[in-house]
Amino acid sequence: MKFLSHRISWIEPSPLAKVLGRISELSKAGFKVISLAAGDPDPDVVPRKILAEISSYVIENIPGSVLYTPTTGVEDLRIELSKFIKEYDGYEAYPENIIITSGSTAALDLLIRILIDPGDIVVVENPSYVVSLYAFKQLGANLVGVDVYSDGIDTYTLEDKIRRLKNEGKKIKLIYTIPTGQNPSGATMSIDKRRHLLEIASKYDLLIIEDMAYNYVVLEGSSPPTIKSFDREDRVIPIGTLSKIMGTGFRVGWVVATDLIKKYVVSEKQPIDYCAPAISQYIAIEFLRRDVHKISIERSREVYRVKRDVMIRSIEEKIREAEFSKPVAGMFLMLRLPNVDETLFAENLMEKYKVAVLPGKPFYTDDKGRDMIRLNFSRPSIDDIKEAVDKIGVLYRELKS
Ligand SMILES: *Cc1c(COP(=O)(O)O)cnc(C)c1O
């Protein structure tokens with residue numbers, strides 16, 4: 001169509017949007033769909049009663065809660081987040097260096113806009129979060145993937161690839177990583193790899209965007225130190241979010257930036273959405289001040305650990321051939337179903353058994369997702385997890401026979 005820009009040729013339909021669309025069509029048609037597709041928290045784990053009290057308190061008593069906020073976000077929230085970040089992410093973020101965004105999805109988009117020229121190379125984990133991969137691609141980045149194992153990205157392969165690309169004269173700007181509870185693989189990067197990754201970034205003069213979405217959803221053991229906590233060169237740009245503990249619907253995320261990057265992020269952000277939702281920001285202040293986050297983090301850990309274990313036990317009982325590694329953080333498990341076409345499998349599973357999952361392929365920069373599907377275990381109920389895995393097993397045997 002003649003009115004569209006040239007850039008739209010880089011825009012691909014999102015696989016997640018497609019699945020969510022189909023879920024809503026089927027639900028409207030009266031079907032019960034079990035969704036393991038999205039990455040939401042369990043709405044019954046989110047402390048909704050307390051949030052309801054806070055919401056009405058905020059709207060009644062804080063006039064600013066229904067108005068625009070500064071583009072950088074409400075100062076009190078930046079102060080509360082500064083304390084929260086110090087406690088949970090182990091690094092110093094001064095309130096004036098925090099920019100509140102509409103979820104960390106927007107933070108990443110803003111960073112890409114100010115850092116990436118079309119054709120620049122971005123190194124990503126393979127697999128990585130499909131929404132982030134699309135954000136990079138839609139703004140013209142060329143992605144280079146490095147395989148992820150259960151203890152994180154293979155840093156030696158990473159260095160080889162970077163060295164080779166540099167020798168070829170290619171322009172590499174940054175590495176995007178989700179070190180804890182990686183989406184979709186469920187991997188958590190070891191401390192040695194975190195240090196090594198930072199050394200490599202320093203050696204080849206690259207930035208790291210550290211996506212901390214699952215830092216507060218650690219199911220076992222303690223949270224490993226963030227890459228940012230080792231950073232002495234302002235090389236790591238952290239993005240974070242309250243989505244997984246306060247609720248994805250509030251849209252409260254952030255980026256911690258140096259003065260220079262902050263200046264451009266703010267200029268870029270203002271014409272896009274002016275500010276993150278004021279009501280959500282004021283609710284987030286109370287969420288943190290009243291220590292509601294502590295309740296939510298503790299409950300998430302307990303409930304999601306149980307759900308993860310139910311999912312794993314069901315898979316082991318029902319689908320012997322399936323392969324996966326056990327996540328110690330996050331909300332996902334990547335399941336390999338040997339010799340299936342994942343896209344066809346996901347479609348059949350939805351149409352025939354009304355179970356929604358995401359096919360693996362869009363999460364990968366190469367063909368490795370061919371027989372993988374991503375399963376979320378935080379949102380569905382325990383019974384739904386059992387039923388969904390059962391149906392995955394049934395369909396797998398049907399397709400194999
Ligand atoms: C859920 C998630 C986010 C957070 O998105 P919001 O926009 O803050 O809701 C960011 N990165 C990853 C990898 C995620 O899975």
Side-chain angles (χ1 to χ4, degrees), residues 54-55 58-59 61-116 131-132 135 139 174 176 207-213 215-216 226-229 231 233-290 292-293:
I54 292 177
S55 305
V58 159
I59 295 175
N61 297 290
I62 304 174
S65 69
V66 298
L67 305 175
Y68 290 128
T69 80
T71 300
T72 48
V74 177
E75 187 178 10
D76 280 357
L77 178 55
R78 289 186 277 113
I79 292 169
E80 289 306 317
L81 277 175
S82 169
K83 292 185 257 179
F84 174 80
I85 287 169
K86 179 137 202 181
E87 180 173 354
Y88 287 91
D89 300 328
Y91 70 95
E92 191 84 56
Y94 298 110
E96 54 274 26
N97 293 107
I98 300 173
I99 306 156
I100 312 294
T101 53
S102 304
S104 63
T105 302
L108 182 63
D109 179 69
L110 291 165
L111 287 173
I112 300 169
R113 284 165 186 272
I114 67 161
L115 296 172
I116 296 298
V131 174
S132 300
L139 290 165
L174 62 89
Y176 168 69
L207 292 174
I208 293 175
I209 295 180
E210 183 173 7
D211 185 336
M212 303 190 181
N215 281 22
Y216 328 119
T226 56
I227 302 173
K228 181 66 186 173
S229 67
D231 179 23
E233 301 174 336
D234 278 336
R235 204 166 276 295
V236 181
I237 307 176
I239 59 175
T241 178
L242 293 179
S243 273
K244 280 28 189 245
I245 54 169
M246 189 166 100
T248 37
F250 288 100
R251 314 309 300 130
V252 176
W254 61 86
V255 48
V256 181
T258 57
D259 294 342
L260 183 71
I261 288 185
K262 177 186 164 185
K263 185 175 104 181
Y264 291 110
V265 165
V266 170
S267 307
E268 191 73 26
K269 177 175 174 53
Q270 195 161 71
I272 294 177
D273 65 355
Y274 199 95
C275 60
I279 291 175
S280 300
Q281 292 188 58
Y282 282 98
I283 294 172
I285 294 169
E286 297 301 318
F287 180 80
L288 295 170
R289 272 191 189 149
R290 301 184 193 186
V292 188
H293 63 283

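- Side chains of W254 and L242 form a contact here, defined as non-hydrogen atoms less than 4.5 Å apart.
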From CA spacing to verdict: side chain to side chain contact (heavy atoms under 4.5 Å, CB included), I272, L110: CA-CA 10 Å; I272 294 177; L110 291 165; 3.8 Å; yes
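- Under the 6.0 Å cut-off for aromatic ring centres, H293 and Y216 do not qualify, their centroids lying 6.0 Å or more apart.
- K228 has no carboxylate O lying under 4.0 Å from a charged side-chain N of E210, or vice versa, which leaves the two without a salt bridge.
- Contact between I283 and F250 at its shortest, heavy atoms only, is CD1-CE2, 3.8 Å.
- Remark: Y91 OH is packed, more than 12 non-hydrogen atoms of other residues, nucleotides or ligands lying under 6.0 Å away.
- No side-chain heavy atom of L139 sits under 4.5 Å from any side-chain heavy atom of I116.
- Looking at S102 and D273, their side chains do bring a donor and an acceptor atom within 3.5 Å of each other.
- When all heavy atoms are compared, the tightest approach of R78 to I98 is CD-O, 2.9 Å.
- The backbone N or O of A93 sits less than 3.5 Å from a side-chain atom of S82, completing a donor-acceptor pair.
- Of the inter-residue distances, the one linking L111 atom CG with L207 atom CG reads 9.5 Å to the nearest 0.5 angstrom.
- With contacts defined as side-chain heavy-atom distances shorter than 4.5 Å, the pair Q270/C275 does not qualify.
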Worked check of side chain to side chain contact (heavy atoms under 4.5 Å, CB included) between T258 and N97: CA-CA 6 Å; T258 57; N97 293 107; 5.6 Å; no
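- L288 CG to D76 CG: the interatomic distance, rounded to the nearest 0.5 Å, is 11.5 Å.
- In terms of heavy-atom proximity, F287 sits nearest to I245 at CZ-O, 3.8 Å.
- Counting heavy atoms from C-beta outward, I208 and D231 have side chains that stay 4.5 Å or more apart.
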Side chain to side chain contact (heavy atoms under 4.5 Å, CB included) between I237 and L115, intermediate numbers included: CA-CA 12 Å; I237 307 176; L115 296 172; 4.1 Å; yes
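- Atom CD1 of I209 and atom CZ of R235 lie 13.5 Å apart (nearest 0.5 Å).
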CA sep, side-chain torsions, deciding dist, call: V256, I85, side chain to side chain contact (heavy atoms under 4.5 Å, CB included): CA-CA 10 Å; V256 181; I85 287 169; 4.1 Å; yes
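- No side-chain heavy atom of S280 sits under 4.5 Å from any side-chain heavy atom of R251.
- No more than 12 heavy atoms of other residues, nucleotides or ligands sit less than 6.0 Å from atom CD of E75.
- Separation of atoms OH (Y274) and OG1 (T71) is listed at 5.0 Å; rounding is to 0.5 Å.
- Nearest heavy atom pair, residue D211 against residue S132, reads OD2-OG, 4.4 Å.
- The minimum heavy-atom distance between L67 and P63, with the atom names listed, is CG-O, 3.6 Å.
- Between D259 and K263 no salt bridge is recorded (no basic side-chain N to carboxylate O distance below 4.0 Å).
- Looking only at distances, a side-chain donor or acceptor of K262 sits under 3.5 Å from a matching main-chain atom of E96.
- Of all non-hydrogen atoms in S104 and I239, the two that sit nearest each other are O-CD1, 4.2 Å.
- When each of D89, T226, T241 is checked for a side chain to side chain donor-acceptor pair (under 3.5 Å) with N215, only D89 meets the rule.
- Distance check, rounded to the nearest 0.5 Å: CD of Q281 to CG of L77 gives 5.5 Å.
- How far CD of E286 is from CD of E80: 8.5 Å, rounded to the nearest 0.5 Å.
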